[in-house]
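These numbers were taken from a predicted model, which means no experiment stands behind them.
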Amino acid sequence: MATFYLAFNPSSFFSVSNQKRLSSNSIQCCQDTSGQPRPKVTREPPDDWLTSFPEKNPIISSSTVLPPRPRRIILVRHGESEGNVNETVYAQVADPKIKLTEKGMVQAEECGKNIRKMIERDYVDDWKVYFYVSPYRRTLETMRCLARAFTRQRIAGWREEPRLREQDFGNFQDREKMRIEKATRVLYGRFFYRFPNGESAADVYDRITGFRETLRADIDIGRFQPPGERNPNMNLVIVSHGLTLRVFLMRWYKWTVEQFEGLNNMGNGDMIVMEKGYGGRYSLLMHHTEEELRNFGLTEEMLIDQEWQKIAKPGELNYNCLNTGPSFFTHFKDEDKEM
């Protein structure tokens with residue numbers, strides 16, 4: 001094979017004998033690097049150029065008309081998976097690849113039918129659903145099964161959202177070691193205990209906070225609305241995992257760690273419904289009864305706050321909230337005695 005060599009002469013390459021040597025003093029802002037005048041740009045972008053990219057303009061003026069908020073945010077836990085009936089599966093199959101059982105598929109289909117029945121009781125014709133889903137196999141299969149209850153025209157779209165994934169318990173999980181770890185978690189605290197090579201619920205809280213901000217931006221922008229539509233009867237469906245959904249509710253309603261640890265897990269294929277109240281905020285009491293929420297783990301203080309959520313407007317604060325209001329500070333009792 002012939003070999004070719006390229007002779008390189010730096011002095012000839014950088015020769016400036018026939019060119020005017022450029023210096024920092026000879027280059028001016030209105031000239032290019034050869035000293036020629038730059039053409040003047042007189043064309044300016046239109047005043048409304050940002051309207052095509054609403055996410056680039058985070059400042060919303062008081063005169064801006066926001067898209068209607070979705071009627072509901074529906075939280076769905078995946079149907080029964082192989083790992084729910086046989087924990088040894090986690091030692092052989094990667095958690096993201098564990099699939100639904102036949103029973104889990106039926107649960108998901110029933111959940112879809114229940115969602116459709118709930119929406120149809122609104123007696124509106126233009127309702128639609130939009131899905132956010134964890135990328136795990138069992139949640140994707142759940143979404144596909146429950147979506148069978150809807151025609152193509154009713155599904156506005158879907159998005160895979162990795163931040164909705166299951167709490168990370170480590171990689172392949174040894175059953176006996178996991179039994180010990182879960183027992184230790186009970187002693188340490190369910191929220192802060194971090195599994196070796198995995199996550200704590202506090203870690204999940206951090207990524208769910210990021211997802212919540214994305215979701216709120218999507219709602220404010222109306223990203224899931226079809227082009228040119230402002231449909232007030234959109235229903236968002238979030239298909240995820242038990243702990244992840246409880247952390248989502250904790251983050252949305254600003255529940256404390258103690259309140260989170262008092263919550264019970266949702267059943268496979270079950271749903272929790274956040275429905276828009278009379279003032280525009282989302283309340284669990286718009287759909288669920290107090291008894292249902294007590295069984296889920298809500299305390300009386302949390303139920304009182306949900307009553308306030310039913311009538312409050314977006315952006316308002318509940319200054320009388322028993323969880324976050326002045327009642328937390330016990331020294332006021334001493335002041336009352338002095339008075």
Side-chain angles (χ1 to χ4, degrees), residues 54-55 57-75 118-119 122 124 127 130 132 163 191 205-225 230-238 244-260 262-263 271-294 296-332:
E55 63 272 27
N57 187 12
I59 301 177
I60 300 176
S61 65
S62 58
S63 60
T64 301
V65 179
L66 296 176
R69 304 186 101 199
R71 183 179 288 269
R72 297 178 184 86
I73 301 175
I74 305 167
L75 311 181
M118 174 181 62
I119 297 174
D122 296 335
V124 294
W127 62 268
Y130 186 94
Y132 293 86
R163 289 171 292 184
F191 187 76
Y205 184 96
D206 291 341
R207 57 176 159 89
I208 284 297
T209 295
F211 169 70
R212 174 181 174 271
E213 295 309 308
T214 298
L215 180 61
R216 291 186 62 177
D218 287 353
I219 290 173
D220 289 341
I221 294 170
R223 195 186 302 274
F224 39 74
Q225 296 275 6
R230 300 179 64 85
N231 187 349
N233 298 307
M234 184 67 67
N235 297 268
L236 305 185
V237 182
I238 298 177
T244 307
L245 294 175
R246 299 199 305 277
V247 169
F248 176 86
L249 288 168
M250 174 192 183
R251 181 63 184 88
W252 188 280
Y253 291 116
K254 302 177 177 61
W255 291 341
T256 66
V257 171
E258 182 180 1
Q259 289 168 337
F260 165 81
L263 298 176
M271 64 178 176
I272 292 285
V273 181
M274 304 163 59
E275 187 167 331
K276 190 165 61 174
Y278 307 111
R281 294 177 73 104
Y282 293 100
S283 172
L284 301 176
L285 279 173
M286 291 297 296
H287 175 81
H288 299 281
T289 66
E290 290 189 3
E291 188 62 27
E292 288 174 333
L293 295 179
R294 285 194 186 95
F296 182 51
L298 269 68
T299 63
E300 291 302 315
E301 291 82 3
M302 297 162 78
L303 289 172
I304 291 172
D305 182 62
Q306 288 300 312
E307 285 287 355
W308 176 82
Q309 300 281 349
K310 288 172 64 175
I311 59 175
K313 297 178 181 178
E316 291 183 346
L317 294 176
N318 186 3
Y319 292 99
N320 296 319
C321 179
L322 297 176
N323 300 332
T324 57
S327 61
F328 173 82
F329 302 97
T330 57
H331 70 277
F332 292 131

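Distance check, rounded to the nearest 0.5 Å: CZ of Arg223 to OG1 of Thr214 gives 8.5 Å. With rounding to the nearest 0.5 angstrom, the CD atom of Gln309 is 11.5 Å from the CE atom of Met302. Rounding to the nearest 0.5 Å places OG1 of Thr209 at 7.5 Å from CZ of Arg212. Here CG of Leu75 is found 12.0 Å from CZ of Arg246. Values are rounded to the nearest 0.5 Å. Expressed to the nearest 0.5 Å, how far NE2 of His288 lies from CD of Glu291 amounts to 13.5 Å. With rounding to the nearest 0.5 Å, the separation of CZ in Phe248 from CD1 in Ile238 is 4.0 Å.
Residues passing the ring pair (Phe, Tyr, Trp, His ring centres under 6.0 Å) test with Phe296, sequence neighbours excluded: none. Scored by the side chain to side chain donor-acceptor pair (under 3.5 Å) test, Gln225 finds no partners at all (sequence neighbours excluded).
Contact annotation: the side chain of Met274 never approaches that of Ile74 to less than 4.5 Å [non-hydrogen atoms, C-beta and beyond]. Within the 4.5 Å cutoff, side-chain heavy atoms of Tyr278 are placed close to those of Met286. Within the 4.5 Å cutoff, side-chain heavy atoms of Leu215 are placed close to those of Leu236. Side-chain contact between Arg294 and Leu298: absent, with no pair of heavy atoms (C-beta onward) separated by less than 4.5 Å. Taking the side chain as every heavy atom from C-beta outward, Asn231 and Trp127 never approach each other to under 4.5 Å. In this structure, the side chains of Phe224 and Asp218 come closer than 4.5 Å at one or more pairs of heavy atoms. A 4.5 Å side-chain heavy-atom check between Pro70 and Tyr130 finds every atom pair outside the cut-off. Side-chain contact between Leu245 and Met271: absent, with no pair of heavy atoms (C-beta onward) separated by less than 4.5 Å.
Checking side-chain atoms of Arg69 against main-chain N and O of Lys276 turns up no donor-acceptor pair under 3.5 Å. Proximity of a side-chain donor or acceptor of Arg251 to a complementary backbone N or O of Asp206 within less than 3.5 Å is not detected.
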When you look at Met234 and Arg71, which way does the side chain to side chain contact (heavy atoms under 4.5 Å, CB included) test go after all the steps?
CA-CA 6 Å; Met234 184 67 67; Arg71 183 179 288 269; over 6 Å; no

Could you check Leu249 against Trp255 for side chain to side chain contact (heavy atoms under 4.5 Å, CB included), going step by step and ending with a plain yes or no?
CA-CA 8 Å; Leu249 288 168; Trp255 291 341; 3.6 Å; yes

Could you walk me through whether Tyr253 and Gln259 pass the side chain to side chain contact (heavy atoms under 4.5 Å, CB included) test, one step at a time?
CA-CA 11 Å; Tyr253 291 116; Gln259 289 168 337; over 6 Å; no

For a side chain to side chain contact (heavy atoms under 4.5 Å, CB included) check, start with the C-alpha distance between Asn233 and Asp122, then their side-chain angles and the critical distance, and finish with the verdict.
CA-CA 9 Å; Asn233 298 307; Asp122 296 335; 5.5 Å; no

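Between Lys310 and Glu307 there is a salt bridge, since at least one side-chain N of the basic residue sits less than 4.0 Å from a carboxylate O of the acidic one. Contact check on Arg281 versus Glu316 returns no salt bridge, with no Lys/Arg side-chain nitrogen under 4.0 Å from an Asp/Glu carboxylate oxygen.
For the pair Gln306 and Ser283, the tightest heavy-atom approach, listed with the atom from each and the gap, is O-OG, 2.9 Å. For Pro68 against Arg230, the heavy-atom pair with the smallest separation is CG-O, 3.5 Å. Closest heavy-atom contact between Arg163 and Ile208: O-CD1, 3.6 Å.
Within a 6.0 Å sphere centred on CZ of Arg216, heavy atoms belonging to other residues, nucleotides or ligands number 12 at most. Other residues, nucleotides and ligands contribute only 12 or fewer heavy atoms inside 6.0 Å of the CD atom of Glu258.
In this model, a donor atom of one side chain and an acceptor atom of the other lie less than 3.5 Å apart for Asn235 and Arg72. Side-chain atoms of Asn318 and Asp305 form a donor-acceptor pair, as typed in the model, at a separation below 3.5 Å.
In this pair, Phe260 and Phe191 present their aromatic rings perpendicular. The plane angle is above 60°, beyond the 30 to 60° band. Under the 30°/60° scheme for interplanar angles, the aromatic rings of Phe211 and Tyr132 are found to stand perpendicular.
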